[in-house]
Amino acid sequence: TEVWVFLIAMVSINFLFVVGIGEGWIEQKYFPRGRLVLLCGTLLAVVFLWRGFRGILDLVKPLMVWRVHPLWVVAASLLPILYAALFVVGKALVTATPLELFNQSGLELFKRDGFLFRLFILALISEIVWVGYTIRILSKFYSWTSAAFITGSFWALWWVPMVIYEIGVVPNLSFAGLW
C-alpha cells in the first residue's frame, strides 16, 4: 500500500504544483527546486508515516551498493540523451517542422552558477525515488520488468503537467514521446 500511496500522492501533488505555476498562482522561480522538494518530501512523508525513521534510512541504503561497472554508468547516462535527440530529430522530419532542441530559456540553464551541482542533486533524488525506492519495492510483488514499467508510467504521469504547460521540457513534446 505504501508505494501506491506514494505514487498517487506524488503525481497529484506535482500536478497541483505545476498547474499553480502554469496559471501564475505560484512564481516560476520555484519550479526548478520546488518539484524536487515536493517529490522527495512526498516520499519522505509517506515512508515516515508507514515505517518511521527506519524507513528513511532504508531509502539511502541502496546507494551504498555498487554492482555495476563504471562504464555502464557512462553508457546509461548517454542513452537517454541519444534517445531524446533521435526523438526530436524524428519528430522534426515527420512533421516537417524546424528542428528546435531548446528555446532560449533552456539554453540559459547551462549558463547558471551551480548547474552541475543541481544536476547531481536531481540525479541523486531521482535515483533514490524512482530506482532505490519505487522499483525496489514494486519488484518485491512484481517482476523487475513490470516494476520498471509501472514506475516508468508514473514517471511519465509526473511529467504530463510540465508538458501541458511547456515548463522545463523540450517545446512541443508529445505525450507519446514523453511516455
Checklist entry - Atom CZ of Arg35 and atom CD1 of Ile21: how far apart are they, to the nearest 0.5 Å? => result 9.5 Å
Item to check | Nearest heavy atoms of Ala147 and Leu138, plus distance in Å | outcome: CB-CB, 3.7 Å
Item to check | Heavy-atom side-chain contact between Met10 and Leu39 under 4.5 Å | outcome: yes
Item to check | Hydrophobic cluster identity match, Val18 and Ile164, side-chain contacts under 4.5 Å | outcome: yes
Next on the checklist: Gln28: which residues meet the side chain to side chain donor-acceptor pair (under 3.5 Å) condition with it, sequence neighbours left out?
Outcome noted: none
Checklist entry - Is there a path of hydrophobic side-chain contacts, each under 4.5 Å between heavy atoms of I, L, V, M, F, W or Y residues, that connects Phe15 with Val37? => result no
Next on the checklist: Less than 4.5 Å apart, side chain to side chain, heavy atoms only: is that true for Leu44 and Leu59?
Outcome noted: yes
Item to check | Partner set under side-chain contact (heavy atoms from CB on, under 4.5 Å) for Leu38, not counting sequence neighbours | outcome: Ile13, Phe17
Checklist entry - Among the clusters formed by ILVMFWY side chains lying less than 4.5 Å apart, do Tyr133 and Phe53 turn up in the same one? => result yes
Item to check | CD1 on Ile150 to CD1 on Ile137, rounded to 0.5 Å | outcome: 13.0 Å
Item to check | Euclidean distance, Ser12 OG relative to Leu7 CG, rounded to 0.5 Å | outcome: 10.5 Å
Checklist entry - Any idea which heavy atoms bring Thr1 and Trp50 closest together, and the distance? => result CG2-CZ2, 3.8 Å
Next on the checklist: To the closest 0.5 Å, what do you measure between OG1 (Thr42) and CG (Asn14)?
Outcome noted: 8.5 Å
Checklist entry - Honestly curious: do Val47 and Leu57 fall in one hydrophobic cluster under the side-chain, below-4.5 Å linking rule? => result no
Checklist entry - Considering all heavy atoms of both residues, which atom of Leu43 and which atom of Val129 are nearest to each other, and what is their separation? => result CD2-CG2, 3.7 Å
Item to check | Inter-residue atom distance Leu49.CG - Phe6.CZ, 0.5 Å rounding | outcome: 13.0 Å
Checklist entry - If you group Ile, Leu, Val, Met, Phe, Trp and Tyr by side-chain heavy-atom gaps below 4.5 Å, do Tyr165 and Trp25 land in one group? => result yes
